[in-house]
Undergrad: 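Questions regarding the structure given below will be posed in turn.
Counting begins at 1 with the first residue of the sequence. If you're wondering where the values come from, they're calculated on a predicted model, not measured in any experiment.
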Amino acid sequence: NALNFISKGGAKALNLITSGGGGGGGDCFSYWFCVRSIGSMETSTLKEMTQGSSKLSVGGGVEDVYGEDCATEDQSITPWTVSIASGYTLLRDPHHNKGLAFTEKERDIHYLRGLLPPAVLSQELQEKKLLHNLRQYERPLQKYMALMDLQERNEKLFYKLLIDNVEELLPTVYTPTVGEACQKFGSIFRHPQGLYISLKERGKILEVLKNWPKRTIQVIVVTDGERILGLGDLGCQGMGIPVGKLALYTALGGVRPSSCLPVTIDVGTNNEELLKDEFYIGLRQKRATGQEYNELLHEFVCAVKQNYGEKVLIQFEDFANHNAFELLARYRATHLVFNDDIQGTAAVVLAGIDAALKLVRGTIYEHTFLFHGAGEAGTGIAELIALQMSKQNKITLEEARKKIWLIDSKGLVVSERIESLQQFKKPWAHEHEPVKNLADAIKAIKPTVLIGCSGIGKTFTKEVIEAMTSFNKSPIILALSNPTSQSECTPEEAYTWSKGCAIFASGSPFDPVEYNGKKLVPGQANNAYIFPGFGLGLVISGTIRVHDDMLLAA
């Protein structure tokens, strides 16, 4: 508003400041307003701001409107979002608050004298204190709540803490702790984060997007909460996922916080416990489906493109299988969309397989893959593996798919079941007699790589691991289901039952394992290795569509 006043209605005031002239009562008021609002801003800076200087833009042509690219520098110019009538409001603005890190000079410039204790503590010292305090909490959810409070109080310090201690704090802001946070989101809800778009907003989604205060949005992570990790339908409480993902977009990908927008689409929930919970924060109704659901999502996707342009990335997150595939197929040719569960998981698992092949030797085409789980993750990973095979060995995609087998809740996906299979499973229905359980499928198929992505814990039993070890010197076992409680097996189980031979990775983090005097460190097939950099690449390249070759490159 102040910028608008200066550049349009406050032209006289600007002339007064730059020329030193005088005027009547109205001019004096304008002069006072600008001096009071601008403080010690230099004349050249004023002219740059009113004339749209290119110095305020960065690569990609997106202006650093909120000064985040200079976040670690002293704030010699008061942020436009606060009133200088009182520095108290600055301390309540998480985007600009620095707490005790405000210098003596800044305390004078921003009218903070008396509003802070006299000590000046560096950001590094504040970080040290916070890290010490976080380590005192016994429960991960307490750490999560403390970090979310910090993000709402002092954004700079939150991201410094996360960036400097990412390995320690990643399990707190992301899997597995974010799963528990979503389950209890209604009870721990303190500050609204992101946009909540429900069926009540039908026909008004563009207006809702305009309610968001930031205009330079580059990445949107959106969920409808129907399939949160391996925990099922959490409805509106799934907001913890977009918030956590976007924190990593900044911490790991360097995307500005103001360019990130978490969104939850609330169409109801089929979770009876939530519908009966007095603290539930979402719509108290069964999930909308069919045309009603599709129309709301279509309005959202079109409103995003209209409001932010076609270069804004929409990342679909934790949608149920039937909607996830349909949304990706419907919009990937017309919008910049990306499904992390299908495409991000596929990229990170393929990276893990490439790494594992350095230990067991051979090309990817020489291996046979068996998936326990044929949903978004399973079919997404399988498709990217097949694409890699076809490119490396100059064979057709159909031929490459024959090296990959899937098991769903009804057993091995075979051609005999083709009529009853969902569309996305049909390419994986091969000629084979029906097999009902995983252990028997392993004995029949003899895979070299076993991948779990069913969302069902403890399915890689001792019988399963021993069967894999019986014909593989070093079986590759990936237990990808999240959170930790839903993992198909633990690293300790995989290493013990394979007698230390397994090459293992999980979806959630696990501690190293001691086996026969050796320390074995399990890998983590975490999407955080892919989506922040992948999203950053899409944003800075200015591309308007996501292609499979980009996933292979990632």
Side-chain angles (χ1 to χ4, degrees), residues 175-176 230 345 348-362 364 366-375 377-378 381-382 385 403-413 428 432 435-526:
T175 56
T345 303
V348 77
V349 172
L350 181 56
I353 290 167
D354 278 344
L357 292 181
K358 294 173 185 175
L359 301 175
V360 298
R361 308 299 177 193
I364 194 168
E366 295 174 65
H367 288 265
T368 303
F369 297 80
L370 178 61
F371 286 80
H372 186 247
I381 299 165
I385 290 172
K403 302 284 291 184
I404 302 168
W405 298 80
L406 275 61
I407 292 179
D408 63 9
S409 58
K410 294 181 173 61
L412 196 64
V413 176
W428 310 100
H432 198 284
V435 180
K436 287 296 182 184
N437 64 64
L438 178 59
D440 288 343
I442 289 172
K443 292 167 187 173
I445 304 297
K446 291 189 167 38
T448 52
V449 183
L450 177 63
I451 300 175
C453 45
S454 64
I456 303 171
K458 303 300 178 186
T459 49
F460 289 0
T461 61
K462 184 179 181 182
E463 181 187 7
V464 165
I465 303 297
E466 287 179 346
M468 283 292 294
T469 310
S470 66
F471 49 82
N472 288 303
K473 184 180 178 182
S474 299
I476 299 170
I477 297 170
L478 309 180
L480 303 179
S481 293
N482 288 316
T484 311
S485 59
Q486 305 303 114
S487 184
E488 284 78 7
C489 68
T490 66
E492 186 173 8
E493 290 167 341
Y495 294 136
T496 302
W497 295 335
S498 69
K499 295 181 171 53
C501 296
I503 298 171
F504 180 86
S506 58
S508 288
F510 283 93
D511 292 331
V513 174
E514 289 284 340
Y515 182 81
N516 279 355
K518 287 200 300 184
K519 183 180 180 181
L520 301 173
V521 182
Q524 188 186 353
N526 193 321

Undergrad: Quick one: closest heavy-atom pair of I476 and M468, and the distance?
TA: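 Distance-wise, the nearest heavy atoms are O-CE, 4.3 Å.
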
Undergrad: Restricting to side chain to side chain contact (heavy atoms under 4.5 Å, CB included), what partner residues turn up for A505, sequence neighbours left out?
TA: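 So A505 forms a side chain to side chain contact (heavy atoms under 4.5 Å, CB included) with L478.
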
Undergrad: My understanding is that only residues two or more places apart in sequence, or in another chain, count here; which of them pass side chain to side chain contact (heavy atoms under 4.5 Å, CB included) with K446?
TA: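 Counting only residues at least two positions away or on another chain, K446 forms a side chain to side chain contact (heavy atoms under 4.5 Å, CB included) with F471.
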
Undergrad: For W405, check ring pair (Phe, Tyr, Trp, His ring centres under 6.0 Å) against everything at least two apart and list the hits.
TA: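 Applying ring pair (Phe, Tyr, Trp, His ring centres under 6.0 Å) to W405 gives H430, H432.
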
Undergrad: Who passes side chain to side chain contact (heavy atoms under 4.5 Å, CB included) against S470, sequence neighbours left out?
TA: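 So S470 forms no side chain to side chain contact (heavy atoms under 4.5 Å, CB included) with any residue.
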
Undergrad: Do D408 and V413 come within less than 4.5 Å of each other through their side chains, counting heavy atoms only?
TA: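 Yes, their side chains come closer than 4.5 Å.
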
Undergrad: With T448, which residues qualify under side-chain hydrogen bond (donor to acceptor under 3.5 Å, both in side chains), at least two apart?
TA: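 Partners of T448 under the side-chain hydrogen bond (donor to acceptor under 3.5 Å, both in side chains) test: H367.
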
Undergrad: Holding to side-chain hydrogen bond (donor to acceptor under 3.5 Å, both in side chains), I want the full list of residues that pass it with N472, two or more places apart in sequence or in another chain.
TA: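 In terms of side-chain hydrogen bond (donor to acceptor under 3.5 Å, both in side chains), with neighbours along the sequence ignored, N472 is linked to no residue.
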
Undergrad: List the atom pairs, donor and acceptor, that lie under 3.5 Å between side-chain atoms in residues 512-523 and the rest of the protein, sequence neighbours left out.
TA:
none

Undergrad: Residues two or more places apart in sequence or in another chain: which of them pass side chain to side chain contact (heavy atoms under 4.5 Å, CB included) with S487?
TA: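 Partners of S487 under the side chain to side chain contact (heavy atoms under 4.5 Å, CB included) test: A479, F510.
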
Undergrad: Would a 4.5 Å heavy-atom cut-off, applied to side chains only, mark I385 and L350 as touching?
TA: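 Yes. Closest side-chain heavy atoms under 4.5 Å.
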
Undergrad: Listed by chain and number, what are the side-chain hydrogen bond (donor to acceptor under 3.5 Å, both in side chains) partners of T175, not counting sequence neighbours?
TA: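 Expected list: none.
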
Undergrad: Show every side chain to side chain donor-acceptor pair (under 3.5 Å) that has at least one partner inside residues 503-513, sequence neighbours left out.
TA: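 Matches after skipping sequence neighbours: N482-S508.
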
Undergrad: Mind checking whether L480 and F371 have side chains closer than 4.5 Å, heavy atoms only?
TA: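 SC-SC contact between L480 and F371 ruled out.
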
Undergrad: Got a list of side-chain donor-acceptor pairs under 3.5 Å for residues 450-467, not counting sequence neighbours?
TA:
unit_1: S454; atom_1: OG; unit_2: H372; atom_2: ND1; d: 3.4
unit_1: S454; atom_1: OG; unit_2: I456; atom_2: N; d: 3.2
unit_1: T459; atom_1: OG1; unit_2: I456; atom_2: O; d: 3.4
unit_1: T461; atom_1: OG1; unit_2: V464; atom_2: N; d: 3.4

Undergrad: Under the side-chain hydrogen bond (donor to acceptor under 3.5 Å, both in side chains) rule, collect the residues that match up with D440, sequence neighbours excluded.
TA: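 Per chain and number, D440 pairs via side-chain hydrogen bond (donor to acceptor under 3.5 Å, both in side chains) with N437.
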
